Amino acid sequence: MKKRLYIAIVMILMCGMTQMATAKTRNAHAEAHRHQLAAAKNIGLDKSAITRLVEEDIASRESIKAISAETEELLNDLLSEARSHIGKRYSRGSKGPGAFDCSGFSSYVYRQFGYKLSPSSRDQYNQGEKVERKELRKGDLVFFKGRSIKGGVGHVGIVVDADEKGNFSFIHAATSKGITISNCNEPYYAARFVGGKRVISE
């Protein structure tokens with residue numbers, strides 16, 4: 001009899017504890033839910049501000065990239081001149097037009113349109129205005145480290161096209177291929193990119 005009474009008391013206590021635990025769990029869930037709702041409301045309130053900031057950023061990027069019809073034509077002509085040399089051989093110290101090294105090629109192409117660039121890629125990196133990678137456009141100069149990844153600027157090319165994510169292709173004098181078009185995501189160049197400069201601006 002005592003044993004049955006003891007078992008009954010234990011079961012009653014366990015049920016009470018279970019109900020208390022369930023109640024605590026419900027309270028915890030309710031509290032978490034309240035926090036989630038508050039966070040959702042805050043996000044809703046901030047959404048218009050976030051949208052406005054994004055629109056302003058897009059507008060600023062578009063205004064930076066916008067160019068006049070005259071500049072557009074000039075850049076297209078410059079790239080046409082650059083492409084006309086595709087396949088010509090690389091030769092260290094050569095400034096064209098039969099053969100080129102990298103800085104000889106960029107300076108030769110720009111010189112055809114009245115722009116004087118320094119004779120070395122390192123010096124060319126000190127010309128023009130700095131351009132962030134995501135703001136690059138056709139005609140900009142892009143610079144890379146040389147064969148030694150630990151060194152400074154050792155190579156230069158001319159942007160052929162670029163997108164808002166910072167991806168670009170460029171025409172240059174490569175030691176192995178001569179005048180060719182390469183992509184910034186090729187492992188060799190991806191590991192050596194230094195920066196961009198704009199010589200032709202509005």
Side-chain angles (χ1 to χ4, degrees), residues 50-90 100-110 112-113 115 117-118 120-202:
I50 293 171
T51 301
R52 187 177 69 254
L53 289 172
V54 170
E55 289 175 347
E56 289 175 357
D57 182 61
I58 291 172
S60 66
R61 289 177 184 276
E62 288 179 346
S63 65
I64 291 172
K65 288 196 171 185
I67 54 177
S68 68
E70 291 80 10
T71 301
E72 177 82 22
E73 184 177 2
L74 172 60
L75 294 176
N76 287 339
D77 289 345
L78 183 142
L79 289 177
S80 292
E81 170 66 26
R83 286 190 178 96
S84 72
H85 299 282
I86 287 178
K88 289 186 178 179
R89 66 187 180 87
Y90 175 92
F100 301 91
D101 65 7
C102 67
S103 56
F105 177 67
S106 54
S107 60
Y108 177 88
V109 171
Y110 268 82
Q112 308 313 303
F113 298 88
Y115 293 88
L117 297 182
S118 298
S120 74
S121 57
R122 185 168 297 183
D123 290 338
Q124 287 180 17
Y125 186 60
N126 294 319
Q127 295 184 263
E129 59 182 280
K130 182 179 179 180
V131 184
E132 296 299 325
R133 183 164 179 163
K134 291 184 178 180
E135 301 301 334
L136 287 170
R137 71 185 185 199
K138 59 186 177 182
D140 289 340
L141 296 176
V142 281
F143 297 86
F144 304 85
K145 293 180 180 180
R147 292 189 178 184
S148 171
I149 200 168
K150 295 180 180 179
V153 171
H155 192 65
V156 60
I158 303 171
V159 174
V160 173
D161 58 58
D163 65 24
E164 68 280 358
K165 294 180 181 179
N167 300 308
F168 61 90
S169 59
F170 60 102
I171 187 168
H172 63 125
T175 55
S176 59
K177 298 180 180 179
I179 306 303
T180 188
I181 294 177
S182 300
N183 187 280
C184 68
N185 294 316
E186 293 174 30
Y188 181 87
Y189 299 109
R192 290 170 169 77
F193 180 69
V194 175
K197 289 297 185 74
R198 181 165 298 157
V199 176
I200 299 176
S201 58
E202 290 297 316

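Quick caveat: nothing in here was measured; it's all calculated off a predicted structure.
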Taking every non-hydrogen atom, the tightest pair across [X] and [Y]:
X: Tyr90; Y: Asp101; answer: CE1-CA, 3.5 Å
X: Arg137; Y: Thr71; answer: NH2-CG2, 4.3 Å
X: Leu117; Y: Ser106; answer: CD1-O, 3.7 Å
X: Ile179; Y: His85; answer: CB-O, 3.2 Å
X: Ala82; Y: Ile171; answer: O-CD1, 3.4 Å

Taking side chain as C-beta onward, heavy atoms only, is [X] less than 4.5 Å from [Y]?
X: Lys197; Y: Gln124; value: no
X: Lys134; Y: Glu164; value: no
X: Ile86; Y: Thr180; value: no
X: Val160; Y: Arg83; value: yes

[X]: which residues meet the side-chain contact (heavy atoms from CB on, under 4.5 Å) condition with it, sequence neighbours left out?
X: Ser121; answer: Cys102, Ser103, Val153, Val156
X: Tyr188; answer: Arg147, Arg192
X: Asn185; answer: Arg133, Asn167, Asn183
X: Ser120; answer: Arg122, Asp123

How long is the gap from CG on Asp163 to SG on Cys184, to the nearest 0.5 Å?
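Going from the CG atom of Asp163 to the SG atom of Cys184 covers 8.0 Å.
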For [X], all residues meeting side chain to side chain donor-acceptor pair (under 3.5 Å), sequence neighbours excluded:
X: His155; value: His172
X: Asp140; value: Arg198
X: Ser118; value: Gln127
X: Ser169; value: Asp161

Which of Phe170, Tyr125, Tyr110 passes side chain to side chain contact (heavy atoms under 4.5 Å, CB included) with Leu141? Answer is Tyr110
Quick one: ring pair (Phe, Tyr, Trp, His ring centres under 6.0 Å) partners of Phe193, sequence neighbours excluded?
Phe144, Phe168
Ring pair (Phe, Tyr, Trp, His ring centres under 6.0 Å) partners for Phe105, two or more places apart:
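Ring pair (Phe, Tyr, Trp, His ring centres under 6.0 Å) list for Phe105, sorted by chain: Phe100.
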Taking Ser107 for its side chain and Gly104 for its backbone only, find out whether a donor-acceptor pair lies under 3.5 Å.
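Confirmed, Ser107 side chain pairs with Gly104 backbone.
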Pairs where residues 68-80 contributes a residue and the test salt bridge (Lys or Arg N to Asp or Glu O under 4.0 Å) is met, not counting sequence neighbours
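Every salt bridge (Lys or Arg N to Asp or Glu O under 4.0 Å) pair that includes a residue of residues 68-80, provided the two are not neighbours, is Glu72-Lys138.
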Got more than 12 heavy atoms from elsewhere within 6.0 Å of CD, Glu132?
no
